[in-house]
Engineer: 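Before anything else, here's the structure in question.
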Amino acid sequence: MARYSFREIEAKWQARWAERGTFHARIDPGRPKYYVLEMFPYPSGRLHVGHVRNYAIGDVIARYKRAQGFNVLHPMGWDAFGLPAENAALAGGVHPADWTFENIRVMGEQLRLIGLSYDWDREIATCTPDYYRHEQKMFLDFLEAGLAYRKESVVNWDPVEHTVLANEQVIDGRGWRSGALVEQRRLPQWFLAITRYADSLLEALETLDRWPDRVRLMQQNWIGRSEGALMRFALAGRAAPDGDARTPLPDALRAGLPEAIEVFTTRPDTIAGASFLALSPDHPVSLSLAEDDPALAAFAGECRRLGTSEAALEKAEKRGYRTALAVRHPFEADRLLPVYVANFVLMGYGTGAVFGCPAHDQRDLDFARKYDLAVRPALWPADATPVDDDAVAALAPEDRARFEDGAGIAEIDGRRLFHVGATAFIGADGRRFAYDLACLGVPDLAVPTPLTVAEAKRAAITALEGRDLGEARIAFRLRDWGVSRQRYWGCPIPVIHCPNCGIVPVPESDLPVELPRDVDLSVAGNPLDHHPTWKHVACPKCGTAAIRETDTFDTFFESSWYFARFCSPDADTAFRRGDVDYWLPVDQYIGGIEHAVLHLLYSRFFMRALTDCGYADLAEPFAGLMTQGMVCHETYQAADGAWLFPEEITLDGAAGGGARRASDGTPVTVGRAEKMSKSRKNVVGLERVVETYGADTARLLLLSDSPPERDLDWTESGIEGAWRYLNRLWRLVAEEPPGDGAGTEASAPAALALRRATHRTIAGVGEDLDGFRLNRAVARIRELTNMLTDAQASGDAGAGLGAARREALAAIVQLLGPVVPHLAEELWERLGGTAPLSETPWPTADPALLQDDTVTVAVQVNGKLRATIALPRDAARETAEDQALADVAVRRAVGDRPVRKVVVVPNRIVNVVV
RNA sequence: GCCCCUGUGGCGGAAUUGGUAGACGCGGCAGACUCAAAAUCUGUUGGUGGCAACACCGUGCUGGUUCGAGUCCGGCCAGGGGCACCA
């Protein structure tokens, strides 16, 4: 049997779409717009089928929306700055620019093979001055608006890549690309003030109702808003080991230290229980003390080496270094608290200092037990009486043991006693607790008072503010975005350092600041810094010899606004206002879950910042988001442990059998399916698949085998199955006799049934595509195909069946159009389509054909299925009940038991209860 | 440690959101065509018992709500993802 010639067909239709400009997008205010965007790729080399899934999903949506009459924008470009280009240059002696543009050429050709409905006229590459000049201008505008600033800060330094990493790019204390242990260094860096938008970025998450909940939650956690209070603890003096002595602070020690240490807390209500203060090793006071205290300096060094990863900290013991300092309790000037430097306090959050309240914080409690610090409760269950350690120690051993439950409450001699032993007492929202807030000096709270946690927090904050000891404060986990990178292959930061004028922005007329081509990448560190001439310029203000900024932007800068550039790729500004007003926001954005926080959050920030700088008027760039799963493949390992490509092995017999190396027949270990990666060689090259089966077959498998958001296993049998189906469809059309009097009214029952199935499929596929159930949509279409085959096999050639068959075939071809566009176009033409399918409106279902006159109703006896009966649609309850009870199988199941009740759900089910 | 998600045949996955569990596909088995194979086509395929009609069991485990639970609620178990020792 002949197979269809995908090579010819795919080339033919790709050429025709190009000729006709089918996918060329232009503004048309008369039509609703729809902007479909897949996250643009980094041009790393060659595409494998894993990359293609992302684009295929977007292409289905784009083609579907276009057929529905939307004015679709579906562009593609290249996220072309990045470290791999420099690495490739080092390894292969190729210039990063040449390497990048060659990859863009190759990958562009590969993308074109797949028949994606892109408007290629809008293609952009972020490494061209034509693109990055606009972000240099943006940066100058941010600078003027105070959204960009420079500060010296402790940064994550990657010793292998010689670059600063964002906190987000440090994974388990290691660089996310190099895997090298990250060091801490202080460097002047450029920052973008994303924290200014923390509230807006958080609150607007609720409006993004077409984003996955998972991604919204991840962003919410990342922004990490918490309400609390800022309090000032006055530096007092040297604390004795018992935390209670009053040695005055020596002047020598006081020099260079602040009057007070500021602390952020979410639990100001527990202030009565404060028993120590803990500083981050990077806190200015810690640093200052460490200058004269080698032991402290050594301790701080150890803390930094521990890293900031959770795994490391989880295992690490909570440790502190007791300084010679003490602070006064804010409300009880006589009460002195010792000051520790502790490994569990982060400089990057709050103020880098915390007050320890052991009774109500587990970590503080562990710390207090370890260093023998006071544990003093500030709140306890209202029906209990607090007792101290000494009182508990005086109890009989069996009574003491009764405190071991989590709540720390024991009933002894008819009294409910409360004592914090090994478990801190956190309290809970909404309930009232007895609170010790006497220290606040508020007459109403002079004795233990029942309050909720929220009420007690308010009381504490009011007292703080009243005495000017602190105030309400909201803290965010989110930190400003450091954008400086000490790399070559990125966008130069357009400022000049002048010995007289300080930092001078590059005048707009001098933009772009172009990357020099002649750099020496073999020297470690920043190549721009080593360039003999590039950085030397005259100060634009005073003309003195000055130095260019040699850092370049984090490449997330480019991807934070590219979706806007696609609206006006040829504009001599970043984008034209009218264009983005029409096209943005992106209606459907598609990409990997790995970008759930960074790229998406930065883009949301950029849209706000650009709006504030007058570029646009929009907060949220992406109205809809879908995160697609990865493509996985089995791994193969030879006896010597070497990874093998799928094409290097042969499978033994059927599924579950072993595998051997094709070259020598030696056995191969088959590993479970994992994400396709070059290092494990479990990749399937795009060309090989397209040459063997064609683009449509590859697309069909990628779109039909799993729901888009889940991972998909690429298997040889899967691609065979897709290939078989497309050939079957091809034959169905080829063997269909030419129409005899199209439009003949289908009257025969078989024809009517087929027509009903066709229209149900049209309706169902529409719903599935709207809900991204692409696999379900394909399943429905295959179901209709099977029905069509059966109709053919039954030989029922009654009047009108031919027309019904052709209607079904046309529907199948149309519905498959977004999935297998080349084959669908060809079949559409063969079925007599007058215009190309890509220019034909989406089919609509005839509502009259969506409902059958008779329905199959399930009959249960005591909830167990016993029969199905055919009933007229919307039959009366009595009819349904009578017919159900008359059924032989139902009567047998009921037996001679009396029927107690009959539940009838119209058109669905009848349940007989006996 | 905290938060979130997911557990359905040999496999990928369906199930109108409380109403016929297993659509569609892969794989398997049997058959047709063929000298043979490939390709194609047909039938069959959750488990157990039975010649059969049929019966029983079955959506990670375990309780519950309901006429009825894969779906809702409680408690476990397993796998995956995220994270912030966040004061």
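Quantities reported herein were computed from a predicted structural model and do not represent experimental measurements. Just so it is clear: chains get the letters A, B, ... in the order the sequence lines come, proteins before strands, and each one is counted from 1.
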Engineer: Base, sugar-phosphate, or nothing: which does A/Arg267 touch, judged by heavy atoms less than 4.0 Å apart?
Structural biologist: sugar-phosphate

Engineer: Given that A/Asp705 and A/Pro268 both sit by RNA chain B, which one's nearest nucleotide is further toward the 5' end?
Structural biologist: A/Asp705

Engineer: Is the base of B/G9 syn or anti, where syn means the angle lies within 90° of 0?
Structural biologist: syn

Engineer: Who are the side-chain hydrogen bond (donor to acceptor under 3.5 Å, both in side chains) partners of A/Arg232, not counting sequence neighbours?
Structural biologist: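 Partners of A/Arg232 under the side-chain hydrogen bond (donor to acceptor under 3.5 Å, both in side chains) test: A/Glu262.
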
Engineer: Heavy atoms under 4.0 Å, any strand shown: does A/Gly721 hit a base, just sugar-phosphate, or nothing?
Structural biologist: sugar-phosphate

Engineer: Identify which nucleotide among B/G81, B/G25, B/G12 has an atom closest to any side-chain atom of A/Ser706, counting heavy atoms from C-beta outward.
Structural biologist: B/G12

Engineer: Please list all pairs passing the salt bridge (charged side-chain N to carboxylate O under 4.0 Å, His left out) test where one or both residues lie in residues 698-714 of chain A, with sequence neighbours left out.
Structural biologist: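 Applying salt bridge (charged side-chain N to carboxylate O under 4.0 Å, His left out) to every pair that reaches into residues 698-714 of chain A, excluding sequence neighbours, yields A/Asp59-A/Arg699.
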
Engineer: OP1 or OP2 of B/A87 versus the side-chain N and O atoms of A/Thr266: is any pair under 4.0 Å?
Structural biologist: yes

Engineer: Which pairs, with at least one residue in residues 855-871 of chain A and sequence neighbours excluded, count as a salt bridge (charged side-chain N to carboxylate O under 4.0 Å, His left out)?
Structural biologist: none

Engineer: Kindly say if A/Asn775 contacts the phosphate of B/A14, meaning a side-chain N or O under 4.0 Å from OP1 or OP2.
Structural biologist: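 Yes, such a contact exists.
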
Engineer: Donor-acceptor pair, distance only, cut-off 3.5 Å: does the side chain of A/Thr868 make one with the backbone of A/Thr856?
Structural biologist: no

Engineer: So, OP1 or OP2 of B/G27: does either fall under 4.0 Å of a side-chain N or O from A/Arg724?
Structural biologist: yes

Engineer: A/Phe276 and ring pair (Phe, Tyr, Trp, His ring centres under 6.0 Å): which partner among A/Phe355, A/Tyr371, A/Phe367?
Structural biologist: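 Of all the options given, the one that passes is A/Phe367.
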
Engineer: Quick one: side chain to side chain donor-acceptor pair (under 3.5 Å) pairs with a partner in residues 764-776 of chain A, sequence neighbours left out?
Structural biologist: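 Applying side chain to side chain donor-acceptor pair (under 3.5 Å) to every pair that reaches into residues 764-776 of chain A, excluding sequence neighbours, yields A/Tyr64-A/Asp770, A/Asp768-A/Arg773, A/Asp768-A/Arg780.
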
Engineer: Any chance you could list the contact pattern along nucleotides 47-59 of chain B? Use B for base contacts, S for sugar-phosphate-only contacts and - for none, protein heavy atoms under 4.0 Å, 5' to 3'.
Structural biologist: --------SSS--

Engineer: With rounding to the closest Å, how many angstrom separate the P atoms on B/C73 and B/C51?
Structural biologist: 45 Å

Engineer: Can you check whether A/Arg780 has a side-chain N or O nearer than 4.0 Å to OP1 or OP2 of B/A23?
Structural biologist: no

Engineer: If only side-chain N and O atoms of A/Asn786 are considered, is one of them under 4.0 Å from the OP1 or OP2 phosphate oxygen of B/G25?
Structural biologist: yes

Engineer: Which part of the nucleic acid, if any, lies within reach of A/Arg363 when heavy atoms closer than 4.0 Å are counted: base, sugar-phosphate only, or nothing?
Structural biologist: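 Counting heavy atoms under 4.0 Å across all strands, the contact made by A/Arg363 includes a base.
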
Engineer: Classify A/Asn221 by what it touches in the nucleic acid, base, sugar-phosphate, or nothing, heavy-atom distance under 4.0 Å.
Structural biologist: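 Contact class for A/Asn221: base.
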
Engineer: Set out, line by line, the N/O atom pairs under 3.5 Å between protein and nucleotides 15-20 of chain B.
Structural biologist:
from, atom 1, to, atom 2, distance (Å)
B/U16, O2, A/Arg908, NH2, 3.1
B/U16, N3, A/Arg908, NH2, 3.4
B/G19, N2, A/Gln860, OE1, 3.4

Engineer: For A/His599, give me all partners under ring-ring contact (aromatic ring centres under 6.0 Å, His included), at least two apart in sequence or on another chain.
Structural biologist: A/Tyr589, A/His595

Engineer: Restricting to salt bridge (charged side-chain N to carboxylate O under 4.0 Å, His left out), what partner residues turn up for A/Asp213, sequence neighbours left out?
Structural biologist: A/Arg216

Engineer: Would you please confirm or rule out a distance under 4.0 Å between OP1 or OP2 of B/A87 and any side-chain N or O of A/Ser226?
Structural biologist: yes

Engineer: Which residue pairs satisfy the side chain to side chain donor-acceptor pair (under 3.5 Å) criterion with at least one member in residues 904-914 of chain A, sequence neighbours excluded?
Structural biologist: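 Sorted pair list: A/Asp874-A/Asn907.
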
